[in-house]
Amino acid sequence: MKKLLIPIIVIILIIAGGGVSYNYFSRGPKITDSVLTKSIDANGKPTATISTTFKAKDKVCFSAKGKKFAIKKATVVWYKGEILTKNKFKVEENIVINNAGYFSAKLSLPEGLEAGRYGVTTYSEGSKIIQTTNEFDVKN
């Protein structure tokens, strides 16, 4: 009986481990907790209040947490107006997840951003499915 019990336990542990791995790597978004702020630290973590309204001269910092073992790189796309393909104006590809598990990107122009509505989306490397969406306003 004991000889049969050990292989059964091993098989159950392998199946359970496979199920957990499948859920981690295949299900749900690979990029989460996306925020906009005026500053981020060296790890990509927000250091200022999370915001959805910025001034024209502000630097808009985007930060998102990634599932570290499920994703290595991301693409960040910036939009002026609604989040539509025709409104994209900046694409940042191959942003590498850092050791703290964050992706980050910054948006600013020397002459300042135009007043209006903006958006930012993220994609995991090689995917065309939006992982996160954030919208914000720029006011003069």
Side-chain angles (χ1 to χ4, degrees):
M1 181 71 169
K2 286 184 181 181
K3 288 183 181 183
L4 185 60
L5 187 60
I6 291 174
I8 290 173
I9 291 172
V10 169
I11 290 171
I12 290 171
L13 290 174
I14 291 171
I15 291 171
V20 169
S21 296
Y22 174 79
N23 283 336
Y24 183 81
F25 290 104
S26 301
R27 292 184 145 186
K30 292 178 175 60
I31 303 170
T32 60
D33 302 328
S34 62
V35 297
L36 296 166
T37 183
K38 292 180 183 175
S39 65
I40 53 176
D41 67 15
N43 289 324
K45 294 179 184 178
T47 56
T49 305
I50 295 168
S51 183
T52 57
T53 304
F54 297 86
K55 294 180 182 171
K57 290 286 186 182
D58 286 342
K59 183 184 299 181
V60 180
C61 298
F62 170 80
S63 173
K65 186 86 170 148
K67 287 185 177 179
K68 196 169 179 182
F69 298 109
I71 183 171
K72 301 293 180 208
K73 295 180 183 177
T75 298
V76 174
V77 181
W78 298 91
Y79 302 84
K80 171 74 169 92
E82 289 183 73
I83 296 177
L84 299 171
T85 302
K86 68 180 183 176
N87 293 337
K88 75 170 96 168
F89 68 93
K90 184 177 181 184
V91 177
E92 299 178 63
E93 296 181 305
N94 298 316
I95 298 173
V96 179
I97 190 171
N98 64 28
N99 289 335
Y102 285 88
F103 296 96
S104 60
K106 297 176 183 173
L107 176 65
S108 65
L109 299 174
E111 66 277 5
L113 296 168
E114 291 179 18
R117 187 82 170 154
Y118 289 80
V120 59
T121 59
T122 58
Y123 301 83
S124 58
E125 181 181 34
S127 176
K128 295 183 185 214
I129 298 171
I130 294 174
Q131 295 283 310
T132 65
T133 301
N134 296 79
E135 293 183 278
F136 62 99
D137 294 302
V138 173
K139 298 184 178 183
N140 289 330

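For Asp137, the salt bridge (Lys or Arg N to Asp or Glu O under 4.0 Å) test picks out Arg117, with sequence neighbours left out. Under the salt bridge (Lys or Arg N to Asp or Glu O under 4.0 Å) criterion, Lys38 pairs with Asp58, sequence neighbours left out. Every residue meeting the side-chain hydrogen bond (donor to acceptor under 3.5 Å, both in side chains) condition with Ser34, not counting sequence neighbours, appears here in chain and number order: Asn134. Tyr123 meets the ring-ring contact (aromatic ring centres under 6.0 Å, His included) test with no other residue; sequence neighbours excluded. Evaluation of the side-chain hydrogen bond (donor to acceptor under 3.5 Å, both in side chains) rule for Thr75 yields no partner, not counting sequence neighbours. In this structure, the salt bridge (Lys or Arg N to Asp or Glu O under 4.0 Å) partners of Lys90, at least two apart in sequence or on a different chain, are Glu92. The side chain to side chain contact (heavy atoms under 4.5 Å, CB included) check on Ser127 picks up Ser124, Ile129, with sequence neighbours excluded. With sequence neighbours excluded, the residues that form a side-chain hydrogen bond (donor to acceptor under 3.5 Å, both in side chains) with Thr122 are Thr132.
Side-chain contact between Tyr118 and Val60: absent, with no pair of heavy atoms (C-beta onward) separated by less than 4.5 Å. By the 4.5 Å heavy-atom criterion applied to side chains, Phe89 and Trp78 are counted as neighbours.
The local environment of NZ in Lys80 is crowded, with over 12 non-hydrogen atoms from other residues, nucleotides or ligands closer than 6.0 Å.
Side-chain atoms of Thr37 never come within 3.5 Å of backbone atoms of Cys61 as a donor-acceptor pair (strictly under, hydrogens ignored). The main-chain N or O of Gly44 is found under 3.5 Å from a side-chain atom of Ser63 such that the two form a donor-acceptor pair.
Nearest heavy-atom pair across Ile31 and Gln131 is N-OE1, 3.3 Å. Here the shortest heavy-atom pairing between Val76 and Ala105 reads CG1-CB, 4.1 Å. A pairwise comparison of heavy atoms in Phe103 and Gly66 identifies CE1-CA, 3.9 Å as the closest pair. Closest non-hydrogen pair, Ile95 versus Ser104, comes out as CG2-O, 3.7 Å.
Both Leu107 and Leu36 are assigned to one and the same hydrophobic cluster, defined by single-linkage of ILVMFWY side chains at heavy-atom distances under 4.5 Å. Using a 4.5 Å cut-off between side-chain heavy atoms of Ile, Leu, Val, Met, Phe, Trp and Tyr, with links allowed through other members, Val120 and Ile71 fall into the same hydrophobic cluster.
Among pairs with a residue in residues 36-57, those fulfilling ring pair (Phe, Tyr, Trp, His ring centres under 6.0 Å) read Phe54-Phe136, at least two apart in sequence or across chains. Residue pairs satisfying the side chain to side chain donor-acceptor pair (under 3.5 Å) criterion with at least one member in residues 39-49, sequence neighbours excluded, are listed as follows: Ser39-Thr47. Residue pairs satisfying the side chain to side chain donor-acceptor pair (under 3.5 Å) criterion with at least one member in residues 106-116, sequence neighbours excluded, are absent.
Going from atom CD of Glu135 over to atom CD1 of Ile83 covers 4.5 Å, rounded to the nearest 0.5 Å. The distance from atom CG of Asn94 to atom CD of Glu125, rounded to the nearest 0.5 Å, is 6.0 Å. Between atom NZ of residue Lys57 and atom CG of residue Leu113 there is a gap of 9.5 Å, rounded to the nearest 0.5 Å.
Through side-chain heavy atoms spaced under 4.5 Å, either directly or across other Ile, Leu, Val, Met, Phe, Trp or Tyr residues, Leu84 is tied to no other residue.
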Q.
Go through it in stages, so that I can follow the logic: the residues are Tyr102 and Ile40, the test is side-chain contact (heavy atoms from CB on, under 4.5 Å), and I'd like the CA-CA distance, side-chain angles, deciding distance and then a yes or no.
A. CA-CA 11 Å; Tyr102 285 88; Ile40 53 176; over 6 Å; no
